[in-house]
Structures are given as C-alpha cells and as structure tokens.
Number of protein chains: 2
Amino acid sequence: MPTTGNLLSPKDLSIAIGVSESSLKRWTDRGLLQVSRTAGGHRRIDRNEAIRFVRARKMSLVRPEILGLPGSVAANPEIDLTTLENPDEAFLELMRRGHDLGARNHLFQRFLDGETIAALADGPIRESFDRIGELWHHGPEGILIEHRATEICVGLVIELSKMVRNDRAGPRAIGGAISGDEYKLPPLLTTAVLQEHGFRAVNLGPNTPIEVFELACFTDDPEQRPDFVWMSINDLPPEAPGLSSQVIDFAARCVEENLTLVVGGRTARELDFDRVPSIPVHGSMTEFAAFVEGWNAERN
Amino acid sequence: MPTTGNLLSPKDLSIAIGVSESSLKRWTDRGLLQVSRTAGGHRRIDRNEAIRFVRARKMSLVRPEILGLPGSVAANPEIDLTTLENPDEAFLELMRRGHDLGARNHLFQRFLDGETIAALADGPIRESFDRIGELWHHGPEGILIEHRATEICVGLVIELSKMVRNDRAGPRAIGGAISGDEYKLPPLLTTAVLQEHGFRAVNLGPNTPIEVFELACFTDDPEQRPDFVWMSINDLPPEAPGLSSQVIDFAARCVEENLTLVVGGRTARELDFDRVPSIPVHGSMTEFAAFVEGWNAERN
DNA sequence: AGAAAAATCATTCAAATCGTCCATTATCCC
DNA sequence: GGGATAATGGACGATTTGAATGATTTTTCT
C-alpha cells in the first residue's frame with residue numbers, strides 16, 4: 001500500500017514513474033528532486049514536489065494514481081477521493097462522473113496490488129452498479145450515468161481479462177446470459193474470471209437463447225465440445241415461465257451428459273433446481289471463483 | 001528481458017522492429033518518434049507511440065510480441081487463409097468459427113500495415129457481420145455464431161481504440177445509438193475512430209433515449225458540454241414513428257445551439273432531414289472519418 | 001513496551017544506454 | 001553507369017541504470 005498522507009517513499013515514487021528505486025535515490029542525491037529526511041535518515045518526498053519533478057522533466061507515469069494524478073483527483077479538487085473511507089465509494093464516484101481514466105487507475109491499482117478479478121467484480125464494480133442502477137429510475141440523468149458507466153466498465157473488464165489470459169491450452173468453457181437478460185457485464189466478468197484461472201473461455205454475451213446453449217454444449221465435434229458451462233441469470237422476466245423450465249431441462253441434460261454446469265446471477269436462486277440438485281448456483285463472483293478453483297484442482 | 005510495463009527502451013524497440021539501435025536513436029533525435037527521458041537522460045518510449053510509429057512508417061515487425069502485438073497471420077495452420085482471394089473472407093471465416101486469436105492476428109496485422117480503424121470497420125468487420133447477420137435467421141447455429149463473433153469483435157475494437165487513444169486534451173465528443181437500436185459495435189467503432197482523430201470520446205452505447213442525448217448535449221456546465229455529437233441509427237423500428245420526429249427535433253436544436261451533430265448508420269438515411277438540411281448523414285465509417293478530419297482541420 | 005517483519009539505507013558491480021564518430025550501403029539525380 | 005547525398009549499422013569511452021548486499025530504521029503485531 002502506498003504511503004498515506006502527503007509524503008511518498010522513494011519506492012512509491014519509483015513505482016509510479018516506472019524506474020528503479022536505486023535510480024530515484026541517486027536523483028535525489030544529485031538534488032534533482034528535493035527530499036526531507038526522517039530522524040533515522042529515510043527519504044520522504046512531498047507529493048507536490050514529486051509532481052513538479054515529473055512535470056518539469058516531462059516524464060511519463062506508469063502508475064499515475066500513486067501520485068493521486070490522472071487528472072482525476074487533482075483535476076477534481078471539489079472532492080478529495082482519498083478522504084473517502086471506503087475505496088469502493090471512490091470508484092462509484094468516478095464511474096458516476098464518467099471519469100474513465102480515474103476509474104481505470106483505481107481499478108488497476110487494486111488489481112496490481114493483488115485483488116483478484118472476482119474480488120473486484122463483487123467489490124467496486126457490483127457496488128457501483130447497484131447504486132447506479134437505482135439512479136436509472138430517476139429519469140434521463142440516471143440513464144445517462146448508467147449507460148456511460150457501463151461502456152467504461154466494459155472496456156476496463158476487457159482490458160483486465162486480456163491481462164490475465166494465457167493462450168496455452170486449458171479447459172474449454174462457454175457460457176452467456178439467458179434470453180431476456182440484457183446485462184453485458186456479468187458474462188464479461190465471468191469470462192475474465194475463467195481466463196484468470198487458465199480457461200479458454202468463450203463468451204456468448206447477453207440475451208442468448210437456451211437453444212444456443214444446447215447447440216454449443218452438445219455438439220458432436222469433440223474439438224468444439226466444452227468442459228465447463230456457465231449461465232448468467234440477472235433478469236428473469238416473469239412473463240416467461242416457460243424459460244424457467246427450459247433452463248432446468250437444460251441443466252438436467254448437462255448432468256446426464258456429465259458436463260459441469262454452473263449457474264449464477266442476481267435472480268438465479270429464484271429458479272427451482274430441486275429436480276437437478278447437483279447444479280451449483282452462485283450468488284457472487286468470489287463464490288464462483290472458489291468453485292472454479294476446486295473444479296480445476298479436482299481435474300488435475 | 002523486454003522492459004515491463006508501458007515504457008520501452010530503445011533497444012527493445014530496435015529489436016522489435018529489427019533495426020539497429022543507432023538508427024532508432026537517430027529517428028528519435030529527428031522527432032520522428034516521441035520519447036520521454038529519465039532524469040539521467042535515457043530514452044523511454046511509450047508503447048502506443050511505438051505502435052503509431054511503426055504504423056505511420058509502414059515498418060514490418062520482426063518481434064511483434066515485444067509490443068504486445070500478435071505474430072504473423074500465418075500462425076493459423078488449421079485454416080489456410082492465403083488461398084482466399086479476398087482478405088475480408090478470411091476474417092469472416094475466422095469470426096464464423098469463433099477463432100478469437102486468429103481474428104486478432106488478422107485485424108491487427110492489417111492495422112499495423114496502415115489500414116485505419118474506419119477502413120477496418122467498413123471492410124472486414126462490416127463485411128463479416130453482414131454475412132453473419134444473414135445466418136441469424138437460420139436458427140440457433142446462426143445465433144451462436146453471431147453472439148460469439150460479436151463478443152470477440154467488441155473486445156478487438158476496444159483493444160484497438162485503446163491503442164490509438166491519447167490522453168492529451170482534444171475536442172469532446174459524445175454519442176450513442178438511439179432507442180431500440182441494440183447493436184453494440186457501431187457506437188464502439190465510432191468512438192474508436194474519434195479517438196484515432198484525437199477526440200476525447202464518450203460512448204453512451206446502444207439503446208440510448210433521445211432525452212439522454214439532450215441532457216448530455218445541452219447541459220449548462222461548460223466543463224461537460226461536448227463539441228461534437230454523433231448518433232448511430234441501425235435499427236429504426238417502424239412501430240416508433242414518434243422517434244423519427246424526436247430525432248429531427250433534436251437535430252434542429254443542435255443546429256440552433258451551434259453544436260455539430262453527425263448521424264450515421266444503416267437506416268439513418270430513412271429519416272427525413274429536410275427540415276434541418278445542415279445535418280450530415282453518413283453511410284460508412286470511412287465517410288464519417290473524412291468528415292471528422294475536415295471538422296478538425298476547420299477547427300484549428 | 002518489546003519482538004518480529006517490512007522497508008529503507010548506502011554501497012558495489014555488471015549490464016544497458018548515452019552521445020559521437022566513421023566506414024559501409026542505399027538512394028537519387030543526371 | 002557515375003557521382004553526390006542520405007541513411008544505416010557498428011564501435012568508442014563515459015555515464016546511467018537496475019539488482020544485490022548487509023546494516024539500519026520504521027512499522028506492525030502481541
């Protein structure tokens with residue numbers, strides 16, 4: 001965790017500008033960068049001095065968020081996001097304002113600090129969209145915020161998923177959100193989590209009919225057949241009761257054919273899986289990730 | 001070891017391009033390639049700037065992976081794409097089979113060879129989705145292909161758009177697809193083309209009500225007010241005649257308020273803009289890009 | 001308060017990069 | 001083809017960088 005307050009350690013700043021700690025300390029010794037010292041002789045760099053330094057030398061920043069820059073916090077002095085007790089609140093605020101770079105810096109800092117994609121999905125992302133979703137009913141402004149935030153977040157999740165993807169052969173997974181479910185983010189996040197765990201994951205996206213799931217899963221071509229299927233259910237329209245039984249039929253067939261099916265999403269638990277009790281139903285991405293880890297361990 | 005992160009050393013890039021370090025340094029000194037400097041005077045090259053450079057100079061990459069880019073197109077043994085006379089056919093075939101890596105190789109190779117995002121949008125991407133769209137009516141298999149291809153392509157376009165984006169201040173653009181238009185790709189491509197031309201572009205995504213456009217465009221906050229608005233119309237439902245006149249009212253108000261509005265998309269020409277003849281309507285991304293270029297030139 | 005863990009110190013050294021010069025190769029113009 | 005011009009790649013000593021070291025300081029935890 002970067003040093004709190006207004007003083008940076010040499011390591012923090014060296015990470016921010018993507019240079020070795022040794023070099024940074026040499027620069028301070030040459031007087032290129034002012035430092036104060038603790039009683040014990042450790043260097044402490046004032047944030048403003050750090051900003052002056054990178055500006056004066058036109059250096060590019062690898063991780064601007066460490067300086068509290070991306071044009072985000074510094075350009076929006078009205079709200080100092082660092083004072084917010086809950087980091088998820090900061091992300092929400094950035095998304096609400098459509099501040100794409102700030103949101104990217106925030107999310108990526110947490111990712112690089114070790115949070116998994118699943119944790120980010122259940123934390124800042126879900127939190128933000130829960131709150132932003134409430135706005136949606138408050139007229140055009142809510143819709144504007146929701147649309148903008150969704151597009152930004154789609155881009156960020158895709159960027160994250162390309163960072164964790166490895167192209168070696170892993171188990172094949174396929175999935176999507178069912179008919180009538182128009183949410184783009186849950187399938188994307190699920191794909192990202194699977195890629196994080198070494199899968200070759202195919203995303204069918206939102207609003208995918210059951211027939212398409214069946215076709216994709218029960219193909220005769222052994223090259224195409226997946227090892228793992230997931231289904232996201234975030235918006236089960238009440239006017240489609242037939243859909244519910246279709247899903248359960250599909251689940252039953254997956255059990256028959258010995259294919260792992262996992263169901264998740266906000267309204268997934270509303271389905272009655274008593275007929276096929278072996279179908280795991282998850283309420284969060286963290287749960288899902290834990291299951292995937294177990295499945296992977298069992299497989300090897 | 002290639003430098004980690006987003007900054008390359010001259011040696012890294014020289015190896016990637018397959019050219020001597022001397023030449024590379026000479027190019028930077030002539031300003032052909034932007035570099036930042038460490039405090040000690042060593043050159044550091046931003047990845048996106050490196051990509052811009054090799055593209056502008058039409059150089060071939062000996063080691064593309066150093067820039068995080070795919071290798072040659074030939075990396076697809078299963079499909080011999082070289083026998084296809086039309087390269088767009090090759091892309092279609094890759095998308096049809098859901099071959100994400102192959103599609104990425106193909107698209108990025110052409111991008112590196114100098115094709116603009118607009119050209120790729122009108123070429124392989126539009127071509128493929130025209131053909132894939134026909135399949136859509138042929139039952140589940142068509143839907144499967146279309147869903148999978150869409151998700152792959154969304155990822156690729158986002159990746160491309162992040163390569164051409166520069167974070168310096170440019171004119172602000174905002175836009176999206178109107179109510180009832182659920183296509184995700186056109187707004188994404190439009191955003192990418194605008195970023196390619198230096199805009200700070202905000203994407204409101206598909207299915208955006210007119211009221212949201214009005215709110216976003218005619219806000220009183222001068223910090224938020226865009227310089228440029230675009231609207232994508234790919235699927236005007238005939239049962240919504242009111243929508244048509246709403247769009248035209250919005251266009252009229254844009255003219256009044258001296259805000260540039262551009263309309264595009266498959267069914268855009270079906271609208272009757274006689275009342276506001278100064279609204280440009282485009283049928284292709286190439287046309288749109290040409291207009292944007294002109295607008296930019298006029299502005300400076 | 002005190003012990004254990006983590007971060008930082010100053011220093012050293014090999015590898016990378018600097019700027020510059022020069023011989024060789026490619027390109028252009030007649 | 002021949003000569004002028006520009007671009008390339010390699011070599012040079014000087015400087016900068018990044019990683020490792022063992023000693024010290026700061027932070028964390030009980």
Side-chain angles (χ1 to χ4, degrees), chain A residues 1-50 53-63 65-68 82 85 87 109-110 112-115, chain B residues 1-47 49-50 52-63 65-68 114:
Chain A
M1 174 174 24
T3 316
T4 58
N6 253 348
L7 293 179
L8 298 167
S9 76
K11 184 172 209 172
D12 293 335
L13 184 53
S14 73
I15 292 174
I17 58 188
V19 80
S20 74
E21 202 181 326
S22 311
S23 298
L24 192 72
K25 285 194 287 197
R26 252 188 311 261
W27 298 342
T28 70
D29 294 347
R30 273 200 274 162
L32 301 175
L33 177 61
Q34 280 192 359
V35 292
S36 52
R37 298 269 187 166
T38 66
H42 285 198
R43 297 173 183 82
R44 288 295 122 93
I45 305 156
D46 187 86
R47 271 204 158 81
N48 292 331
E49 168 65 4
F53 175 72
V54 299
R55 281 253 185 86
R57 312 216 149 238
K58 296 189 172 135
M59 313 186 70
S60 33
L61 293 175
V62 175
R63 295 183 55 185
E65 67 276 10
I66 293 179
L67 299 189
T82 59
E85 57 299 332
Q109 158 144 24
R110 292 173 67 167
L112 292 174
D113 284 347
E115 289 193 53
Chain B
M1 170 179 37
T3 317
T4 64
N6 270 329
L7 294 178
L8 300 165
S9 76
K11 184 168 212 173
D12 292 337
L13 185 53
S14 73
I15 292 174
I17 304 181
V19 82
S20 76
E21 208 179 321
S22 302
S23 296
L24 198 68
K25 285 194 287 192
R26 224 175 301 113
W27 295 339
T28 70
D29 292 346
R30 274 201 281 160
L32 301 174
L33 175 63
Q34 280 191 357
V35 293
S36 56
R37 298 269 188 163
T38 68
H42 285 199
R43 298 172 180 82
R44 289 294 128 89
I45 305 157
D46 186 86
R47 272 204 157 77
E49 169 66 6
R52 184 202 63 76
F53 176 72
V54 300
R55 215 158 82 85
R57 303 275 306 229
K58 299 210 166 48
M59 317 187 79
S60 58
L61 287 174
V62 179
R63 306 255 320 263
E65 72 277 9
I66 294 180
L67 300 186

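Chain identifiers are assigned alphabetically (A, B, ...) following the order of the sequence lines, protein sequences preceding nucleic acid strands; residue numbering begins at 1 within each chain. As the structure is a computational prediction, the values presented were derived from the model and not from experiment.
Between the side chain of A/Ser22 and the base of D/dA19, a donor-acceptor pair under 3.5 Å is found.
Rounded to an integer number of Å, the gap from CG of B/Leu8 to C1' of D/dT17 is 16 Å. The NZ atom of B/Lys11 sits 11 Å away from the P atom of D/dG10 (whole-angstrom rounding). Whole-Å rounding puts the B/Leu32 CG to D/dA6 P distance at 15 Å. One interatomic measurement links the two molecules: CZ of B/Arg44 to C1' of D/dG18, which rounds to 10 Å at whole-angstrom precision. Between A/His42 atom NE2 and D/dT24 atom P there is a gap of 12 Å when expressed in whole angstrom units. Whole-Å rounding puts the A/Glu21 CD to C/dA6 C1' distance at 12 Å. Rounded to whole angstrom, the span from the CG atom of A/Asp29 across to the P atom of C/dC9 amounts to 9 Å. Between B/Leu7 atom CG and C/dA16 atom P there is a gap of 18 Å when expressed in whole angstrom units.
We find the OG-CZ distance between B/Ser20 and B/Arg26 to be 6.5 Å, quoted to the nearest 0.5 Å.
Using a 4.0 Å cut-off, no side-chain N or O of A/Arg37 falls inside it from OP1 or OP2 of D/dT25. Side-chain nitrogen and oxygen atoms of B/Trp27 include at least one within less than 4.0 Å of the OP1 or OP2 phosphate oxygen of D/dT8. Under 4.0 angstrom from either OP1 or OP2 of C/dT8 there lies no side-chain N or O belonging to A/Thr38.
Nucleotides of DNA chain D nearest to A/Gly40 and B/Ser23 differ in position, and the one nearer the 5' end is that of B/Ser23.
The shortest distance between side-chain heavy atoms of B/Phe53 and B/Met59 falls below 4.5 Å. Inter-residue side-chain proximity for B/Leu7 and B/Ile45 is flagged as unmet; no heavy-atom pair is nearer than 4.5 Å.
Residue contacts for A/Lys25: at a heavy-atom cut-off of 4.0 Å it reaches a base atom on one of the strands shown. Base engagement by B/Arg26 is indicated by at least one non-hydrogen atom pair under 4.0 Å involving a base atom.
In this structure, B/Arg57 satisfies the cation-pi test against B/Trp27, with its NZ or CZ atom closer than 6.0 Å to the six-membered ring centre and inside 45 degrees of the ring normal.
Looking at every heavy atom in both residues, A/Pro10 comes nearest to A/Arg43 through CD-O, 3.5 Å.
The side chain of A/Arg43 approaches C/dA10 more closely than any other nucleotide in the set D/dA11, C/dA10, D/dT17.
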